[in-house]
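Since the structure is predicted, the reported quantities are computational estimates derived from the model, not experimental observations.
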Amino acid sequence: MYRLTSKLIIYSNLGEDCILYRLSDICRRFEAKSSTKEELVRETLLEIHRLLDVATTYGFNKNLWHNYLAFLLAMTETPFTLVSEKVGANKGSVNQFAKNDLAVFKELFDYDFGPMERELELNCFSVIENFTAVEKKEQIFNKSVSEKVQELSNAIEQAKDANGVYRAVTGFYKKYGVGKFGLNKAFRISNDPSVELLEPISHTSDAKLEDLIGYDMQKKALIQNTEAFIHGRIANNVLLYGDAGTGKSMSIKAILNRYYGDGLRMIEIYKHQFRELPRVIAQIKNRNYRFILYMDDLSFEETELEYKYLKAIIEGGLEPKPENVLIYATSNRRHLIRETWSDRYDASQDDMHRNDTEQEKLSLANRFGISIGYFRPDRDEYMKIITGLLKRRPDIRITPKELREEAQKWQMGHGALSGRSAEQFVNYLAGTWKKK
């Protein structure tokens with residue numbers, strides 16, 4: 001194996017501590033008889049343990065060795081892979097180096113661990129090459145990465161030669177992209193300075209726009225703007241404002257699910273992280289994706305100044321905001337920044353200064369080209385939402401009269417009418433209502 005990995009050029013920068021290089025070194029020492037059997041067994045099992053950790057994180061199954069090698073190919077960002085992300089297979093001398101590397105990976109796919117396994121009296125490689133994973137919930141692993149990596153793994157298994165591997169890998173890059181931005185839907189800013197700034201969110205909401213009952217005008221406006229954005233046309237930053245529990249956040253999450261396949265990605269960011277916005281944009285501005293910076297429940301008290309960072313990004317300085325970046329925010333406040341009576345009537349300020357204060361606080365909301373209002377439903381609309389949710393729960397059997405009575409009791413004890421309240425009521429029925 002060491003003979004193979006030492007030939008890598010394009011994919012050589014995998015990190016000395018990666019499982020592939022560590023196993024390669026173990027194989028080298030096994031062939032050279034330069035380590036004791038006990039040392040080789042201990043170190044081999046350690047790398048198998050690490051491989052199982054990776055498999056658990058990403059939900060790999062069947063041939064874990066193949067999955068791991070495909071994962072390396074899918075995650076390695078180099079000039080070659082980034083160009084392939086945009087155009088797929090392409091011409092140029094670098095392709096010869098890439099094909100040589102992919103021929104190496106094809107040999108690694110077919111590598112026979114049998115002699116080493118038998119001499120060390122192990123069976124671990126036989127197990128990982130035909131691995132049956134324990135069934136687990138999607139929340140435990142990154143389903144988005146798992147499905148894509150296993151698709152690439154299967155394609156390489158079926159390739160007859162290096163040219164077939166090249167077509168499979170470059171086609172994968174063109175279809176899905178490369179690295180964390182290619183394989184993941186959504187990201188958050190890491191609070192750990194020792195790791196990468198943007199870390200993938202392994203499990204995202206599966207919300208669909210159809211799940212939000214009503215609000216058709218609001219959803220239509222959001223869809224039109226998002227489709228303009230992903231197709232490279234001029235689009236606006238969007239502020240979704242209005243009453244709590246009306247579906248603002250759900251709408252944005254559903255937009256990600258609808259257009260993820262078209263290259264849309266989302267980065268969740270909170271106001272205390274706005275100082276990091278320039279660094280975030282520097283990482284994403286040249287990638288072949290469309291990024292929405294998602295700011296949920298955005299609002300500022302009069303003493304908070306973080307909104308100035310946001311204004312600077314929206315307006316752009318010497319370097320304008322990239323065309324592949326938009327901001328979608330939700331807020332219960334229409335104007336985002338709390339406006340106090342003292343701002344309007346402070347006698348210590350003249351009219352000009354009071355006007356400057358008001359304009360400074362109101363101008364942030366005006367930086368969003370589209371503002372979409374989400375407001376509480378009336379009682380009839382509220383019952384329509386409940387009825388629509390119940391259609392998806394055939395296990396709940398309740399008469400119209402019982403439903404009205406129970407809904408009224410629930411609303412009296414749980415505050416204002418909203419889509420969130422309706423969903424909570426249906427969940428209550430699912431858990432407690434008598435089955436008939």
Side-chain angles (χ1 to χ4, degrees), residues 1-55 58 60 63-85 89-90 92-120 122 124-126 128-129 149 152-153 155-170 172-173 178-179:
M1 184 184 292
Y2 181 77
R3 175 185 59 82
L4 294 173
T5 57
S6 63
K7 294 180 181 180
L8 293 174
I9 299 174
I10 300 294
Y11 294 92
S12 62
N13 191 25
L14 301 174
E16 294 182 359
D17 193 48
C18 78
I19 297 170
L20 174 60
Y21 283 163
R22 294 285 292 271
L23 279 176
S24 176
D25 184 63
I26 292 171
C27 290
R28 177 188 63 79
R29 288 186 285 127
F30 168 76
E31 293 171 0
K33 309 295 183 183
S34 60
S35 295
T36 66
K37 178 179 178 180
E38 290 75 16
E39 290 174 334
L40 294 173
V41 168
R42 183 178 64 254
E43 293 181 33
T44 297
L45 293 178
L46 175 61
E47 296 312 308
I48 295 298
H49 177 80
R50 295 176 66 201
L51 181 57
L52 291 173
D53 282 345
V54 173
Y58 297 105
F60 295 157
N63 194 317
L64 302 189
W65 176 241
H66 289 182
N67 289 171
Y68 171 69
L69 293 174
F71 176 72
L72 291 180
L73 291 171
M75 291 297 293
T76 302
E77 296 183 3
T78 69
F80 166 75
T81 62
L82 292 174
V83 169
S84 299
E85 174 182 87
N90 56 90
S93 299
V94 71
N95 286 280
Q96 190 57 54
F97 295 116
K99 288 180 180 179
N100 289 340
D101 279 14
L102 294 174
V104 168
F105 269 89
K106 181 60 175 173
E107 290 191 63
L108 290 170
F109 258 68
D110 300 332
Y111 190 82
D112 182 11
F113 289 100
M116 186 171 76
E117 190 174 50
R118 287 188 292 272
E119 188 164 333
L120 297 181
L122 297 171
C124 52
F125 292 106
S126 299
I128 66 169
E129 290 174 358
V149 168
L152 178 59
S153 178
I156 296 174
E157 288 173 353
Q158 296 169 18
K160 296 180 179 180
D161 52 27
N163 287 328
V165 177
Y166 175 82
R167 288 191 295 271
V169 172
T170 54
F172 179 88
Y173 292 152
V178 62

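Taking each heavy atom of Gly164 and Ala159 in turn, the nearest pair found is C-CB, 3.6 Å. Considering every non-hydrogen atom in both Phe109 and Ser153, the closest pair reads CE2-O, 3.9 Å. Scanning all heavy atoms of the two residues, the minimum distance from Cys27 to Tyr111 falls at SG-OH, 4.0 Å. Pairing each heavy atom of Val178 with each of Glu85, the nearest pair is N-OE2, 3.1 Å. Among all heavy-atom pairs drawn from Ile10 and Thr78, the shortest one is O-CG2, 3.4 Å.
Atom OG in Ser34 sits 8.0 Å away from atom CG in Asp25 (nearest 0.5 Å). Taking CD1 from Ile48 and CD1 from Ile128, the interatomic distance works out to 4.0 Å, rounded to the nearest 0.5 Å. With rounding to the nearest 0.5 Å, the separation of CZ in Phe30 from OG1 in Thr44 is 9.5 Å. Rounding to the nearest 0.5 Å places NZ of Lys106 at 11.0 Å from CG of Leu69. Here the CG atom belonging to Leu4 is positioned 5.0 Å from the CG atom belonging to Leu108, to the nearest 0.5 angstrom. Taken from OG1 in Thr170 to CG in Asn95, the straight-line distance is 8.5 Å, to the nearest 0.5 Å.
Cation-pi geometry between Lys99 and Phe97 is not satisfied (NZ or CZ under 6.0 Å from the ring centre, within 45° of the ring normal).
Checking side-chain atoms of Asn67 against main-chain N and O of Phe60 turns up no donor-acceptor pair under 3.5 Å. A donor-acceptor contact shorter than 3.5 Å is absent between the side chain of Glu43 and the backbone of Ile26. A donor-acceptor contact shorter than 3.5 Å is absent between the side chain of Tyr68 and the backbone of Val54. Checked by atom type and distance alone, the side chain of Thr5 never pairs as donor or acceptor with a backbone atom of Tyr21 at under 3.5 Å. A donor-acceptor contact shorter than 3.5 Å is absent between the side chain of Glu47 and the backbone of Leu23. Using a distance-only test at 3.5 Å, with no hydrogens or angles considered, no donor-acceptor pair links the side chain of Ser24 to the main chain of Leu20. Panel note: side chain Ser6, backbone Arg3; a donor-acceptor pair is recorded below 3.5 Å.
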Given Phe113 and Trp65, is the ring pair (Phe, Tyr, Trp, His ring centres under 6.0 Å) satisfied, shown in steps?
-> CA-CA 11 Å; Phe113 289 100; Trp65 176 241; 5.3 Å; yes

Please report the C-alpha distance between Leu73 and Phe105 in whole Å, then the side-chain angles of each, then the deciding distance to 0.1 Å, and finally whether the side-chain contact (heavy atoms from CB on, under 4.5 Å) criterion is met.
-> CA-CA 9 Å; Leu73 291 171; Phe105 269 89; 3.8 Å; yes

Quick one: do Met116 and Leu40 satisfy side-chain contact (heavy atoms from CB on, under 4.5 Å)? Show the steps, please.
-> CA-CA 10 Å; Met116 186 171 76; Leu40 294 173; over 6 Å; no

Check step by step if side-chain contact (heavy atoms from CB on, under 4.5 Å) holds for Leu152 and Tyr173.
-> CA-CA 10 Å; Leu152 178 59; Tyr173 292 152; 5.8 Å; no

Which is it for Leu45 and Val41 under the side-chain contact (heavy atoms from CB on, under 4.5 Å) test, yes or no, and what are the steps along the way?
-> CA-CA 6 Å; Leu45 293 178; Val41 168; 3.9 Å; yes

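Taking a 6.0 Å sphere around NZ of Lys160, one finds it holds 12 or fewer heavy atoms contributed by other residues, nucleotides or ligands. Other residues, nucleotides and ligands contribute over 12 non-hydrogen atoms within 6.0 Å of the CG atom of Asn163. The number of heavy atoms from other shown groups lying within 6.0 Å of OH (Tyr2) does not exceed 12.
Here Asp17 pairs with Arg22, Arg50 under the salt bridge (Lys or Arg N to Asp or Glu O under 4.0 Å) rule; sequence neighbours left out.
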